[in-house]
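Note that these values count all heavy atoms, side chains included, but never hydrogens, waters or copies made by symmetry. It should be emphasised that the depicted structure is a prediction, and the values quoted were computed from it without experimental measurement. Letters A, B, ... mirror the listed sequences (proteins, then strands); counts begin at 1.
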Amino acid sequence: MMARDVHGMYAMVDCNNFYVSCERVFDPALEGRPVVVLSNNDGCVVARSPEAKALGIVNGEPVFRRKSFFVRHGVRMFSSNYALYGDMSARVMQVLSRFSPDVERYSIDEAFLCFPALARDRLLETAGRIRLAVRQWTGIPVCVGMARTKTLAKLANHTAKRMPGGGNCLLDDAAEIEGCLARTPAGEIWGIGRRHARFLHEHGIETALDLARRPREWVRRHLALPGLHTVMELNQEPCIPFERNPPPVRSLMCSRSFGTEVADLGSLEEALSTRVQQAAAKLRAKGMAAGAVQVFVETSRFRSEAYAGDSGCAVLPAPTSFTHDLNAAALQVLRGIYRPGFAYRKTGVLLLDLISEGCRQLHLFDAPVVREGPRKALMAAMDRVNAVHGRGTLVLASSGFGAKPWHMRQTRRSPRYTTRWAELPVVR
DNA sequence: TCTGGGGTCCTAGGACCC
DNA sequence: TCTGGGGTCCTAGGACCC
């Protein structure tokens, strides 16, 4: 680890109500009104404006249960628009990269930045400039938290978000950190999930400060290694590495709930094939190949009827990113795990044992010289067509031709303002 | 009628081997 | 009657994150 990682400062930059903010950038009329963004299939709430939070709407709440409440309070609802959010995220990250060469994109709406140890006022000034620049150049409001460890930087950000009209928080003073930990419930700390929070509560540990003061062996025994790292980081000892270049992904999943229940094998095959083609395109975009394919089907977890969740796996003769081979393997697995008589709600594919395309081992009897060229060209052509004309323009026949009742519901999606020529915002 | 999707890491325990 | 010990590898499941 380089010196600046050890002695430097981490900044955690987190977009405020990111999905809602993206919608507001292109529709200022949403400003000041309660707005929520829904999960895929318009299932439940995944993002809320402050006004929506003030109404008592909680994340993860199923929409259908609160429909009349939403209507009564004029809550604007949006289906999730990942084309828009992904593009806006890239713009935010672009701006952040002007403030530090060390940017770790942590999620679609968060990034860690690494700074050398500057004076307190210089750090706070930098935080202020970051917020201003991101706001001006992308339209997205952000908060900045700074501290010597990632866990404390997350906490600082969390604190910044709660400051009225604030937006920056620097936690570098021992007494100040202690005060902040004492005011924070243990379950709100990054790395302490629901299960651990309940466990801690049962043992009389309520605040982050209680947790930070537990003996290390006790933490190691009950919360395992990641828990120990969290506690060390709360005590200003950096354990969680800064990853400027994220390690290559090890698996890749593509799945969707259906818009309606699906019982027949034919429709399941169409739906699965659609997911496999998506996953294969993602795989190629990363320059990788998969060594194995896992498939799963699932009925609703919320119905009283018997639950069925089945999965199966196929190991490929050689790692590949060729859609046709992945598709054939996946469909074969599906036929093995399918059980008639169940009302399935979801299917998906998981590509495993990923390796870089460049260093993959070809199959001995696959005549690679003859077949690799045309296959690569075919996939490149498909990817190009789908990039230019939209996903799903050119597909395998196995994803079906007719009506697709299994398609997810998405009735309230805003235009893809920044990624489709036909959907550019119009200024009047 | 209607409840998301996509990742990572760690650990325990079984299989297997000598 | 009496039936070892220790190592590695793999997998499933559970925890976490957004």
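- Rounding to whole angstrom units, CZ of residue Phe296(A) and C1' of dA12(C) are separated by 16 Å.
- Among the heavy atoms of the strands lying under 4.0 Å from Ile192(A) are primed sugar atoms or P, OP1, OP2 only; no base atom is included.
- The side chain of Lys154(A) places an N or O atom within less than 4.0 Å of a non-bridging phosphate oxygen (OP1 or OP2) of dC18(C).
- Comparing Ser300(A) and Leu252(A) along DNA chain B, the residue whose closest nucleotide (by nearest heavy atom) sits nearer the 5' end is Ser300(A).
- Side-chain proximity of Pro62(A) to dT3(B), dT11(B), dA15(C): nearest is dT3(B).
- Side-chain N/O atoms of Asp109(A) and Ser107(A) include a donor and acceptor closer than 3.5 Å.
- Taking only side-chain nitrogens and oxygens, Ser39(A) never comes nearer than 4.0 Å to OP1 or OP2 of dT3(B).
- Atom CD of Glu188(A) is separated from atom P of dC17(C) by 12 Å (rounded to the nearest Å).
- More than 12 non-hydrogen atoms from other residues, nucleotides or ligands lie less than 6.0 angstrom from NZ of Lys53(A).
- For the pair Arg194(A) and dG14(C), the criterion of a side-chain N or O lying under 4.0 Å from OP1 or OP2 is not met.
- At least one side-chain nitrogen or oxygen of Arg256(A) sits closer than 4.0 Å to the OP1 or OP2 atom of dG6(B).
- The nearest whole Å value for the distance from the CE atom in Met93(A) to the P atom in dC18(C) is 14 Å.
- Base pairing of dG5(B): its partner is dC18(C), meeting the Watson-Crick or G-U wobble criterion (both donor-acceptor distances under 3.5 Å).
- Backbone-only contact: Asp109(A) has heavy atoms under 4.0 Å from sugar-phosphate atoms and none from a base.
- As a whole-Å value, the separation of Tyr19(A) OH from dG6(B) C1' is 10 Å.
- Note that CD of Glu110(A) is 7.5 Å distant from CG of Asn157(A), once rounded to the nearest 0.5 Å.
- You'll find that the side chain of Ser251(A) is closest to dT8(B), out of dT8(B), dC18(C), dG6(B).
- Nearest to the side-chain atoms of Arg220(A) among the listed nucleotides dT11(B), dT3(B), dA15(C) stands dT11(B).
- Comparing dT11(B), dC17(C), dT8(B) by their closest approach to the side chain of Val249(A) singles out dT8(B).
- To the nearest whole angstrom, the two P atoms, one in dT3(B) and one in dC18(C), are 25 Å apart.
- Nearest nucleotide to the Ser257(A) side chain, out of dC2(B), dC16(C), dG4(B): dG4(B).
- Rounding to whole angstrom units, CZ of residue Phe112(A) and P of dC18(C) are separated by 9 Å.
- If you check distances only, the side chain of Arg65(A) does reach the base of dT3(B) with a donor-acceptor pair under 3.5 Å.
- Rounded to a whole Å, the CZ atom of Phe18(A) is 16 Å from the C1' atom of dG5(B).
- Of the two residues near DNA chain B, Lys282(A) and Gly60(A), the one whose nearest nucleotide lies more 5' is Gly60(A).
- Taking every side-chain heavy atom of Lys346(A) into account, dG5(B) is the closest of dC10(B), dG5(B), dG6(B).
- Using a 4.0 Å cut-off between charged side-chain N and carboxylate O, Glu423(A) and Arg416(A) make a salt bridge.
- The local environment of CD in Gln332(A) is sparse, with at most 12 non-hydrogen atoms from other residues, nucleotides or ligands closer than 6.0 Å.
- With distances taken from any side-chain atom of Arg250(A) to the nucleotides dC9(B), dC18(C), dG5(B), the minimum falls on dC9(B).
- There is no side-chain donor-acceptor pair under 3.5 Å between Ser79(A) and Gln410(A).
- Distances were taken from every side-chain heavy atom of Glu110(A) (C-beta onward) to each of dG4(B), dC18(C), dG6(B); the shortest belongs to dC18(C).
- Within the 4.0 Å cut-off from OP1 or OP2 of dT3(B), not a single side-chain nitrogen or oxygen of Arg303(A) is found.
- When distances are taken from the side chain of Pro226(A) to each of dC17(C), dT1(B), dC10(B), the shortest belongs to dC10(B).
- Residue Ile189(A) is classed as a sugar-phosphate contact, given heavy-atom separations below 4.0 Å to backbone atoms only.
- Within a 6.0 Å radius of CZ in Arg221(A), other residues, nucleotides and ligands contribute more than 12 heavy atoms.
- Regarding contacts with the backbone of dT3(B), a side-chain N or O of Arg345(A) is found under 4.0 angstrom from either OP1 or OP2.
- Across all strands, Asn40(A) comes closer than 4.0 Å only to sugar-phosphate atoms, never to a base (heavy-atom distances).
- When the nucleotides dC2(B), dC18(C), dG4(B) are ranked by their closest atom to the side chain of Glu261(A), dC2(B) comes out on top.
- In this structure, Lys150(A) atom NZ and dC16(C) atom P are separated by 19 Å, rounded to whole Å.
- As rounded to whole Å, 8 Å separates atom C1' of dT1(B) from atom CZ of Arg409(A).
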